[in-house]
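Every chain is numbered from 1, with letters handed out A, B, ... down the list of sequences. Here the structure is a predicted model, which is why all the values come from computation and not from measurement.
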Amino acid sequence: MELEFFSAAFLSALFAIVLIDLVLAGDNALIIGLVARNLPKGQQRKVIFWGTFGAIAVRAAMAILVVYILNVPGFMLAGGIALVWIARKLLTPDPDAAAQHAAQAPAVSFAAALRTIVVADAIMGVDNVLAIGGAASGSIVLIVLGLAISVPIIVWGSHLVITLVDRYPSVILLGGAVLAWTGYSMVVREPLLAPWFEGHAATRLVIAILVFSISLAPWYSARLSARMKPLVVLLPALLIWMLAFEVAASHWKLQVDYLLANESGEYLLEGLRWQGWLPPAAAFLWLHEQFAQRSRSARA
Amino acid sequence: MLLIHRSPRAANAVRTVSPGGELFVASVVICMILASFGDAVDPALFGEAGLEFALFDLGGEFSVLAMRHWHLLQLLLAGGILAAGIAALRVGAPAAFKILRPAPRRTIDKVPI
């Protein structure tokens, strides 16, 4: 699908791609710098050049692959779910993240350094390429533009990105929200689910709230008091419970609407749907409280 | 993702974000959820429910339906306007309530009625 140039849809997708690149694309510069640091001075410039070239080549190959993969039924849903996880990871405070990656292992030769850079880019660029593929809605022009924007960030932009996010941390929150929104649109665009969504339009709202409640959980849980923290798990779990009944009703042709129920089994199912979540929720709260008490007594 | 975690402020963005920035992003998220709500409502339902329901529900689903095809830039703009409105209310509402509050009984400004 090609979007019309400078239409609202095109500019919106471009803005989403720029934001995604800002929050996800800068890792390679860091990896290249860290790997090159371990080498002799004479080889550093060569490693930086070929590492950047390799990183860009890997990213271009992955972008082409993503365009084709997202057209395969099922992959749009998988990509959407992956973006929800990426958004959540982006917002989760992790001060030790920079210390936990492959580039920490010292590279002793030019070939080893190049291999480390290319492998690290292949692993760490997946999130960026997937998000760009989802935001581009299949438009090749937008994917090429996304790649063209991420390349300068890989090569020169790391300092600029760090300065920007350090001055305005809300860019990270906005990036997380845009990733969640892209994830939601990928899930509802999944060709395998399209006929089901036609018949269950209201579930789109449930899925949107589910996506936002899971991906933005690190943000709103930081604002909740200790007593309210279990809501971070309970709210998505309750939405999944309700959604599961909708899916089961359409898959096994069950009657889950109480106004249309006329057998005791159907009333039982209806009771399970609306009240069945209470015992597991109570058990979860009890367990949560037990663990909290145990950790409090261990600290005391 | 690794790069932004090099900055202590960005790595802890959920806590270091400014109140204004947080209000803006929260407003954008609200607009995104409203847009998905518009996406979840079948416009044919309004035809079945009739004009009376549509008029009664003007502030709810009917108005949200307009947001169903909004793009990200429109949602950002709407989020910005919503955030500005909430910020203005936060500043203006206490002033409005202060005017409504009666003066103490024995104060000089009290007008005897």
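Chosen from B:Leu72, B:Val17, B:Leu76, B:Asn12, the residue pairing most often with chain A at heavy-atom distances under 4.5 Å is B:Leu72. Of the listed residues A:Ala8, A:Ser185, A:Ala16, A:Ser221, the one with more heavy-atom pairs under 4.5 angstrom with chain B than any other is A:Ala8. The greatest number of non-hydrogen atom pairs below 4.5 Å with chain B, out of A:Ile172, A:Val165, A:Asp166, is found for A:Asp166. With respect to chain B, the highest number of heavy-atom pairs below 4.5 Å among A:Leu174, A:Asn128, A:Leu11 belongs to A:Leu174.
Here the side chains of A:Leu239 and A:Met242 are not in contact, with every heavy-atom distance at 4.5 Å or above. Under the 4.5 Å side-chain criterion, counting only non-hydrogen atoms from C-beta, A:Ser215 is not in contact with A:Leu91. Counting heavy atoms from C-beta on, the side chains of A:Trp181 and A:Val211 never come closer than 4.5 Å.
Within the 4.5 angstrom heavy-atom criterion, only backbone atoms of A:Thr92 (N, CA, C, O) approach chain B. If you measure heavy-atom distances from B:Ser18 to chain A, you find no contacts under 4.5 Å at all. Looking at A:Leu173, the atoms closer than 4.5 Å to chain B (heavy atoms on both sides) sit in the backbone and in the side chain alike.
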A:Tyr184 vs A:Leu83, side-chain contact (heavy atoms from CB on, under 4.5 Å): CA-CA, chis, key distance, verdict:
CA-CA 9 Å; A:Tyr184 160 73; A:Leu83 281 194; over 6 Å; no
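Tested against A:Val187, the residues A:Leu210, A:Ile207, A:Thr182 include a single side chain to side chain contact (heavy atoms under 4.5 Å, CB included) partner, A:Ile207.
Summarising the local packing, OH of A:Tyr168 is surrounded by 12 or fewer heavy atoms from other residues, nucleotides or ligands at distances under 6.0 Å.
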